[in-house]
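Along the sequence shown, residues are numbered consecutively beginning with 1. Being a predicted model, the structure only gives us computed values, none of them experimental.
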Amino acid sequence: MRIDILTLFPEMFTGPLSESIVKRAVAKGLAEIHIHDIRDFSKDKHQRVDDYQFGGGAGMVMMAEPVVDAIESLTSVRKYDEVIFMTPDGEQFSQSVANGLSLHENIILVCGHYKGLDERVREHFITREISIGDYVLSGGELAACVVADAVIRLLPGVLNDETSALSDSFQDGLLSAPVYTRPSEFRGWKVPDILLSGHEKNIAEWRMQQSLERTKKRRPDLLD
Ligand code: ADE
């Protein structure tokens with residue numbers, strides 16, 4: 001899978017997408033991440049990419065032309081399944097949206113900044129809009145990192161133990177069961193006996209029951 005990210009702040013991606021599982025996925029050739037600076041597509045001698053909004057009002061708006069030129073520099077070379085704008089008024093991101101995106105070959109993530117993006121780009125070039133939650137970030141960059149991370153870890157071969165993505169919270173609509181590691185007793189608190197029993201079937205049943213209980217208690221909305 002190839003993910004192209006269009007941003008005014010390319011440096012924001014160096015940390016989050018170059019560590020851990022995402023780093024391994026890229027090193028193994030299972031995912032490609034390409035970061036593009038929208039400013040490189042500005043035709044203005046001062047490399048301007050934003051301007052005042054028509055009708056007045058506080059805040060700058062990202063201009064259509066540099067963003068469209070950046071999108072078209074990619075879509076003229078290969079076909080993209082989605083051109084996604086990261087925005088708080090988009091569709092709510094979820095595990096099921098991540099699952100769907102992980103089936104694509106090429107996607108573009110466009111990060112907004114300032115007051116927003118000229119509406120004509122959204123109307124004519126963006127195919128989907130995604131929000132990572134009901135709060136406003138300074139820009140779409142952190143949201144794009146969240147989406148890229150959640151999607152890349154689902155690609156076949158990325159996780160060492162293929163079943164571990166399947167047992168993630170939300171993957172079956174439930175929260176995960178609690179997990180423990182050594183020592184079996186820490187400051188007097190013991191690991192549940194059943195996990196030490198070696199009885200695979202009983203352990204699976206216990207985990208399912210814990211998952212259900214935890215979901216009922218913490219996120220009853222998931223059971224509706
Ligand atoms: N840009 C700013 N806030 C955002 C959010 N919550 N989700 C996606 N993109 C954003």
Side-chain angles (χ1 to χ4, degrees), residues 1-20 22-23 26 31-78 80-94 97-98 100-102 104 106-153:
M1 179 180 201
R2 174 181 170 124
I3 303 179
D4 288 273
I5 301 177
L6 308 187
T7 173
L8 292 171
F9 298 94
E11 306 243 313
M12 285 185 76
F13 295 91
T14 46
L17 299 180
S18 35
E19 294 290 342
S20 181
V22 174
K23 177 184 178 178
V26 171
E32 279 181 40
I33 304 171
H34 299 267
I35 313 290
H36 310 272
D37 190 341
I38 295 169
R39 220 171 277 282
D40 292 342
F41 294 87
S42 170
K43 296 197 173 101
D44 183 279
K45 68 169 185 275
H46 303 293
Q47 287 197 299
R48 257 187 98 159
V49 288
D50 61 318
D51 211 333
Y52 296 100
Q53 53 177 313
F54 281 125
M60 306 299 277
V61 175
M62 283 170 75
M63 295 158 74
E65 193 172 36
V67 179
V68 168
D69 285 351
I71 293 173
E72 287 184 331
S73 77
L74 296 169
T75 55
S76 63
V77 176
R78 68 189 67 75
Y80 283 86
D81 301 287
E82 299 277 15
V83 182
I84 301 168
F85 180 47
M86 304 311 304
T87 175
D89 57 5
E91 144 198 20
Q92 170 87 51
F93 190 56
S94 65
V97 173
L101 292 178
S102 75
H104 290 326
N106 303 312
I107 61 171
I108 297 176
L109 302 179
V110 181
C111 303
H113 242 272
Y114 312 122
K115 192 75 196 163
L117 173 60
D118 189 300
E119 188 66 19
R120 291 165 292 187
V121 181
R122 297 173 69 164
E123 276 172 13
H124 300 290
F125 295 89
I126 298 295
T127 60
R128 193 163 180 181
E129 304 194 322
I130 292 179
S131 162
I132 62 159
D134 287 344
Y135 39 82
V136 178
L137 301 165
S138 308
E141 284 74 14
L142 293 174
C145 286
V146 167
V147 169
D149 184 294
V151 169
I152 286 172
R153 64 194 300 288

Passes side-chain contact (heavy atoms from CB on, under 4.5 Å), R128 versus L101? Steps please. CA-CA 11 Å; R128 193 163 180 181; L101 292 178; 3.7 Å; yes
Test side-chain contact (heavy atoms from CB on, under 4.5 Å) applied to C111 and L8, step by step: CA-CA 8 Å; C111 303; L8 292 171; over 6 Å; no
What one should report as the nearest heavy-atom pair of P16 and M12 is CD-O, 3.5 Å
In Å and rounded to the nearest 0.5 Å, what is the OH to CD1 distance from Y80 to I108? 5.0 Å
Nearest 0.5 Å, please: how far is CG in D4 from CD in E32? 8.5 Å
Working to the nearest 0.5 angstrom, can you tell me the gap between S73 OG and H36 NE2? 6.5 Å
Just by distance, do the side chain of T127 and the backbone of V83 share a donor-acceptor pair under 3.5 Å? yes
For the side-chain contact (heavy atoms from CB on, under 4.5 Å) test, which of V67, L74, D69 pairs with I71? V67
Interatomic distance, CZ@F85 vs CZ@R122, rounded to 0.5 Å, equals 5.0 Å
Could you give the distance from CG (L117) to CD (E129), rounded to the nearest 0.5 Å? 8.5 Å
Quick one: does any side-chain atom of D81 pair with a main-chain N or O of I107 as donor and acceptor, under 3.5 Å? no
Are more than 12 heavy atoms from other residues, nucleotides or ligands located less than 6.0 Å from atom CD of E11? no
For the residue pair T7 and E141, confirm or rule out a side-chain donor-acceptor distance under 3.5 Å. yes
Working note: D118 + D51, criterion side-chain contact (heavy atoms from CB on, under 4.5 Å); need CA distance, chi angles, decisive distance, verdict. CA-CA 10 Å; D118 189 300; D51 211 333; over 6 Å; no
Return the minimal non-hydrogen interatomic distance between I38 and P66, and the atom names on each side. CG2-CB, 3.9 Å
Of all the heavy-atom pairs spanning L17 and A148, show the shortest one and how long it is. CD2-CB, 4.1 Å
Is atom CZ of R120 surrounded by more than 12 heavy atoms (other residues, nucleotides or ligands) closer than 6.0 Å? no
S42-D44 side chain donor-acceptor pair, cut-off 3.5 Å: no
Shortest non-hydrogen contact between H104 and M1, atoms and distance: O-CG, 3.7 Å
Report the distance from atom CD1 of I130 to atom CG of D89, rounding to the nearest 0.5 Å. 12.5 Å
Between I33 and I152, is a side-chain contact (heavy atoms from CB on, under 4.5 Å) present by the stated rule, with each step listed? CA-CA 10 Å; I33 304 171; I152 286 172; 3.7 Å; yes
